[in-house]
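We name chains A, B, ... by the order of the sequence lines, and we start the count at 1 in each one.
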Number of protein chains: 2
Amino acid sequence: MLMCVGCNNTSCLIKNCNPDWIEKISLQKNTPVYPKGQYIFFEGSLVMGAYFIKKGHVKIVSSNLQGKEQTVRLAKAGHMIGHTAFGLEKYSIGAVTLSDSEICFVDNNTLQQAFLENPKFTIEVMRFYSRELRKSEIRTKCLALMNNEEKVILGLLYIADTFSEEETNEVEIHLNRQEIAQIIGTNSEQVSRVISILKKDQLLETKERTIILKDIKHLKSTISHYSFANEY
Amino acid sequence: MLMCVGCNNTSCLIKNCNPDWIEKISLQKNTPVYPKGQYIFFEGSLVMGAYFIKKGHVKIVSSNLQGKEQTVRLAKAGHMIGHTAFGLEKYSIGAVTLSDSEICFVDNNTLQQAFLENPKFTIEVMRFYSRELRKSEIRTKCLALMNNEEKVILGLLYIADTFSEEETNEVEIHLNRQEIAQIIGTNSEQVSRVISILKKDQLLETKERTIILKDIKHLKSTISHYSFANEY
DNA sequence: CGTGCTTTTGAATAGTATCAAGGCCGGTGG
DNA sequence: CCACCGGCCTTGATACTATTCAAAAGCACG
């Protein structure tokens with residue numbers, strides 16, 4: 001049994017509950033270990049509760065019936081995925097791990113009670129959703145107005161932001177071309193082309209199949225006219 | 001002074017506060033009347049509080065520095081716009097009325113206190129943001145995967161959903177081609193072309209400059225393979 | 001009844017997606 | 001250890017879609 005007290009994930013939203021509730025949630029939740037590439041929940045399945053990422057990286061995906069898949073959000077430790085539903089409701093999105101992950105699941109009933117009795121917790125969850133909504137809306141704008149090259153740069157920066165722990169000017173990316181393409185709504189060939197151009201411009205290197213961004217600041221500056229602040 | 005008690009907007013989130021807080025907010029808020037086409041707040045301005053739409057329709061917009069504007073969300077009575085910020089923070093988006101509107105403004109301090117003391121209110125605001133996030137993510141998918149014709153249909157349905165009060169199979173739309181184009185990330189010519197096609201197919205009529213959707217159900221069915229549920 | 005804006009439509013252009021082929025590993029099995 | 005196989009990546013050619021440019025028609029307003 002993994003207790004929340006002593007959990008090293010300082011950004012976990014559950015930490016905003018008061019001590020007895022943190023213990024209550026500790027006892028109720030479970031925290032499976034997901035290997036890379038595993039589904040956490042599927043599009044169309046029933047919502048039983050919410051997931052709090054303790055460790056690892058996750059993509060939120062949505063498909064059409066022809067099987068084309070779009071990645072609509074990336075999430076990392078401290079993020080909440082799934083959502084809180086009253087009664088029966090189905091996920092309109094799915095979630096897949098991008099790296100080995102540990103993810104805490106809390107069921108709807110416990111969550112509802114926790115919300116009612118822990119205002120600070122509820123407020124922080126609300127603010128989390130509010131922030132994510134803003135980010136999603138800025139992404140909508142970018143995907144609507146940008147050309148392919150700009151979109152690829154946006155995607156790489158978004159991935160870098162999600163995957164790098166500390167502030168740095170150099171980040172490694174381990175997603176393949178297809179996965180990057182699905183984040184920005186294009187195909188793997190286009191991603192490959194843009195990466196080739198950026199390689200010529202010395203903005204990144206590729207070693208085997210990992211991409212190494214060499215100059216995050218410069219990359220950011222190339223698309224900075226689309227939004228102020230570092231929100232993807 | 002417009003008091004919340006007796007306000008006919010049943011879907012207002014503030015109604016979830018307890019009676020004394022509803023009165024407190026009533027006394028503090030103010031409710032300007034905005035004519036059509038008016039800015040409620042600008043991209044880049046300071047966040048002083050949140051706005052609750054009492055009456056009317058609003059578009060949330062975001063621009064790049066070249067002046068191209070994208071509409072990222074539509075909002076109607078009962079929706080909350082702007083967001084709750086701690087300390088100094090700037091809007092990354094702007095809001096413009098699409099029809100004559102009445103919009104209640106509540107400042108940050110009052111809101112913070114209300115959140116702390118009205119769990120039900122906070123929960124409903126959280127759930128509102130959660131729902132909007134899901135809708136935004138489904139929109140991301142649609143805009144990424146759809147072709148132009150499908151996007152126009154999506155846009156028309158989204159507008160119809162926002163503007164029509166009751167469930168009906170026929171809705172009038174009073175936005176111009178340019179405004180529709182900005183919702184789906186294209187230009188007015190494309191919108192015009194698709195509308196011509198849909199007119200030939202008897203799915204809509206145009207009278208002067210208003211668009212009348214004649215068969216919402218049929219329009220929905222043409223893009224139904226992109227998502228289940230009626231979420232835009 | 002002009003004047004100016006929006007809409008519509010066509011044609012030219014640019015950009016993106018698709019198709020196809022070859023190269024580059026990494027893994028497997030001889 | 002090496003050869004082969006399969007998957008991913010890269011690049012080019014082609015087809016297609018969407019954007020841009022332009023012109024004419026429609027409508028709204030003074």
Sugar-phosphate, base or nothing in reach of A:Ser196, heavy atoms under 4.0 Å: sugar-phosphate
Name the nucleic acid region contacted by B:Ser188, choosing base, sugar-phosphate or nothing; use a 4.0 angstrom heavy-atom cut-off, strictly under. nothing
D:dA18, OP1 or OP2 - any side-chain N/O from B:Asn187 closer than 4.0 Å? no
With hydrogens left out and only the distance checked, is there a donor-acceptor pair under 3.5 Å joining A:Gln190's side chain and the base of C:dA17? yes
Any N or O donor-acceptor pair linking the side chain of B:Arg193 to the base of C:dG10 at under 3.5 Å? yes
Which heavy-atom pair separates A:Ala95 from A:Ile81 by the least distance, and what is that distance? CB-CD1, 4.0 Å
Whether the side chain of A:Glu189 and the base of C:dC19 hold a donor-acceptor pair under 3.5 Å is what I'd like checked. yes
Length of the CD-P vector between B:Gln178 and C:dT8, whole Å: 13 Å
Using atom CZ of A:Arg209 as one end and atom C1' of D:dT10 as the other, report the distance to the nearest whole Å. 12 Å
Measure CZ/B:Arg177 against P/C:dT8 and give the value in whole Å, please. 4 Å
Could you tell me the separation between the CD1 atom of A:Ile197 and the P atom of C:dT16, rounded to a whole number of Å? 11 Å
List the steps and the verdict of salt bridge (Lys or Arg N to Asp or Glu O under 4.0 Å) for A:Lys199 and A:Glu205. CA-CA 6 Å; A:Lys199 217 191 301 191; A:Glu205 286 174 11; over 6 Å; no
Taking OP1 and OP2 of C:dA17, is either one under 4.0 Å from a side-chain nitrogen or oxygen of A:Thr186? yes
Below the 4.0 Å mark, does D:dC16 have OP1 or OP2 next to a side-chain nitrogen or oxygen of B:Asn147? no
Between the side chains of A:Glu43 and A:Ser63, is a donor N or O closer than 3.5 angstrom to an acceptor N or O? yes
Any chance the rings of B:Tyr51 and B:Phe41 have centres within less than 6.0 Å? yes
